[in-house]
Amino acid sequence: MQVGEGGLTLVVIGVGLIGGSFALALKRAGKVTRVIGVGRSAANLQRAVELGVIDEASHDAVTAVARADLVLVATPVGQMGRVFAEIAPHLPAHCVLTDGGSTKSDVVALMRQHLPGQLAHCVPAHPIAGSDLSGAAAAQYGLYDNRRIVVTPLPETDPAAAELVRELWQACGARVYQMSAGEHDAVFATVSHLPHLLAFAYVDAIVGKADAERCFDFAATGFRDFTRIAGSHPEMWRDIALANRDALLVELDTFQQTLDALRAELKAGDAEAMMQRFERARAARQSWQQKFNRGNA
């Protein structure tokens, strides 16, 4: 199926920031003519209809996917196995299945387990866009403008299916990159998953202090900037952490070594070593920021 043919029916399972914004962007681009949203919350689905994120709401994934040309599974990673197993017997032969999960090796494994006869039409993907907001009301036009999307096709994936997913993400305004599932998970354990774990752990450590309320009373912009991602969806990040456990354990060990070294420098009053460490970090952060700004100009 070619994107230019139009008339695509998109089924979004999990109508929140990722799935809802995908639907809005494709509607605006004229790439889909009908969007069916599937979810557990009647209130969230009703809100999605009211906001024009979806055209039709359903609590029955089986009935919805039977009419689909493309299915985006945008649930938390921990729910994807159940979803794949439920919809597998009911997917039309031509239907392309993709996802929006932040980990990929586990998604690939689940696809192999539950969708062995449909692997040619499976295209795992990860949109690098997020917010600490959730639900249909978080969906927004332009979320994916100039943002990176990683696709990790299986060896069995039909090139036409991969190209369809690639073209649809490009129609959302995104820049699409391809890598293996394993490479994806190692990279994002470093730059996404570990920071979320650290933010959650840091705020939780303050909660456990006897003077927690007073600490929060005096927290300002530095605290706000460092902890913003601790406002993210707990269930989703629990599932991501468990799904990418092996890579995250390596990252945690490496970070712990760095913390131990910094603690030793602080204890010894080694101002020069601390200064060198801070300067390296500052230079790397500034270099990244300049590159990021150029890429998103």
Side-chain angles (χ1 to χ4, degrees), residues 8-28 32-91 95-103 106-107 110-111 114-115 124-144 168-169 172 193 196 199-200 228-243:
L8 290 175
T9 295
L10 167 67
V11 171
V12 177
I13 302 177
V15 185
L17 174 73
I18 297 300
S21 299
F22 184 68
L24 285 175
L26 291 182
K27 287 175 120 184
R28 182 173 63 179
V32 298
T33 56
R34 189 158 193 81
V35 179
I36 304 172
V38 179
R40 297 175 295 184
S41 168
N44 186 63
L45 290 177
Q46 180 59 37
R47 186 62 174 148
V49 172
E50 292 169 355
L51 293 172
V53 176
I54 62 176
D55 303 303
E56 179 182 336
S58 175
H59 296 295
D60 185 0
V62 167
T63 301
V65 301
R67 298 153 55 195
D69 299 306
L70 176 73
V71 174
L72 171 66
V73 180
T75 65
V77 177
Q79 297 177 18
M80 288 189 183
R82 173 187 59 78
V83 171
F84 293 162
E86 181 180 1
I87 66 176
H90 308 281
L91 290 168
C95 182
V96 173
L97 175 72
T98 188
D99 76 296
S102 296
T103 53
D106 60 319
V107 172
L110 290 169
M111 287 177 171
H114 298 293
L115 300 156
H126 176 199
I128 317 305
S131 167
D132 52 0
L133 303 175
S134 60
Q140 55 188 277
Y141 288 106
L143 178 67
Y144 301 117
L168 289 175
W169 277 117
C172 293
H193 306 165
H196 278 82
F200 282 125
R228 177 186 62 80
I229 54 178
S232 300
H233 198 292
E235 180 185 7
M236 179 182 76
W237 281 100
R238 176 204 64 191
D239 291 346
I240 289 171
L242 291 173

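Remember, predicted model here, so these are calculated numbers, not experimental data.
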>> Measuring from atom OG of S102 to atom CE of M236, what distance do you get when rounded to the nearest 0.5 angstrom?
In response: 6.0 Å

>> Out of the candidates V38, V71, L97, only one should pair with V65 under the side-chain contact (heavy atoms from CB on, under 4.5 Å) rule; please name it.
In response: V71

>> Any heavy-atom pair between the side chains of D69 and V96 that's under 4.5 Å?
In response: no

>> Checking D106 now: which residues fulfil salt bridge (charged side-chain N to carboxylate O under 4.0 Å, His left out) with it, not counting sequence neighbours?
In response: none

> Minimum heavy-atom separation for A61 to I13, with atom names?
Replying inline: CB-CD1, 4.3 Å

> Just by distance, do the side chain of D99 and the backbone of A125 share a donor-acceptor pair under 3.5 Å?
Replying inline: yes

> Sequence neighbours excluded, which residues qualify as side-chain hydrogen bond (donor to acceptor under 3.5 Å, both in side chains) partners of T63?
Replying inline: D60

> Which residue, V53, L70, V35, V32, forms the side-chain contact (heavy atoms from CB on, under 4.5 Å) with F22?
Replying inline: L70

>> Testing the basics here: between P124 and M111, what is the closest heavy-atom pair and its distance to 0.1 Å?
In response: CG-SD, 3.7 Å

>> Restricting to side-chain contact (heavy atoms from CB on, under 4.5 Å), what partner residues turn up for A25, sequence neighbours left out?
In response: C172

> V12 and A23: which non-hydrogen atoms are nearest, and at how many Å?
Replying inline: CG2-CB, 4.4 Å

> Closest heavy-atom contact between I229 and A199?
Replying inline: CG1-CB, 3.7 Å

> Do L26 and L168 pass the side-chain contact (heavy atoms from CB on, under 4.5 Å) test, and can you show the C-alpha distance, the side-chain angles, and the key distance before you say yes or no?
Replying inline: CA-CA 7 Å; L26 291 182; L168 289 175; 3.9 Å; yes

> If you take all heavy atoms of A48 and V15, which pair is closest and at what distance?
Replying inline: CB-CG1, 3.8 Å

>> According to side-chain hydrogen bond (donor to acceptor under 3.5 Å, both in side chains), who are the partners of R28, at least two apart in sequence or on a separate chain?
In response: none

> Can you name the residues that form a side-chain contact (heavy atoms from CB on, under 4.5 Å) with E56, not counting sequence neighbours?
Replying inline: R34, I36, R67

> Got a donor-acceptor contact below 3.5 angstrom from the Y144 side chain to the I128 backbone?
Replying inline: no

>> Testing the basics here: between G52 and K27, what is the closest heavy-atom pair and its distance to 0.1 Å?
In response: O-NZ, 2.8 Å

With a cut-off of 3.5 Å and sequence neighbours excluded, list every side-chain donor-acceptor pair involving residues 72-89.
| unit_1 | atom_1 | unit_2 | atom_2 | d |
| --- | --- | --- | --- | --- |
| Q79 | NE2 | E235 | OE2 | 3.1 |

> Can you find a pair of side-chain heavy atoms, one from H59 and one from L45, that are under 4.5 Å apart?
Replying inline: yes

> Partners of R238 by side-chain hydrogen bond (donor to acceptor under 3.5 Å, both in side chains), sequence neighbours excluded?
Replying inline: none

> Does the pair T33 and L8 meet the rule for a side-chain contact (heavy atoms from CB on, under 4.5 Å), with working shown?
Replying inline: CA-CA 6 Å; T33 56; L8 290 175; 5.8 Å; no

>> Holding to ring pair (Phe, Tyr, Trp, His ring centres under 6.0 Å), I want the full list of residues that pass it with H193, two or more places apart in sequence or in another chain.
In response: W237

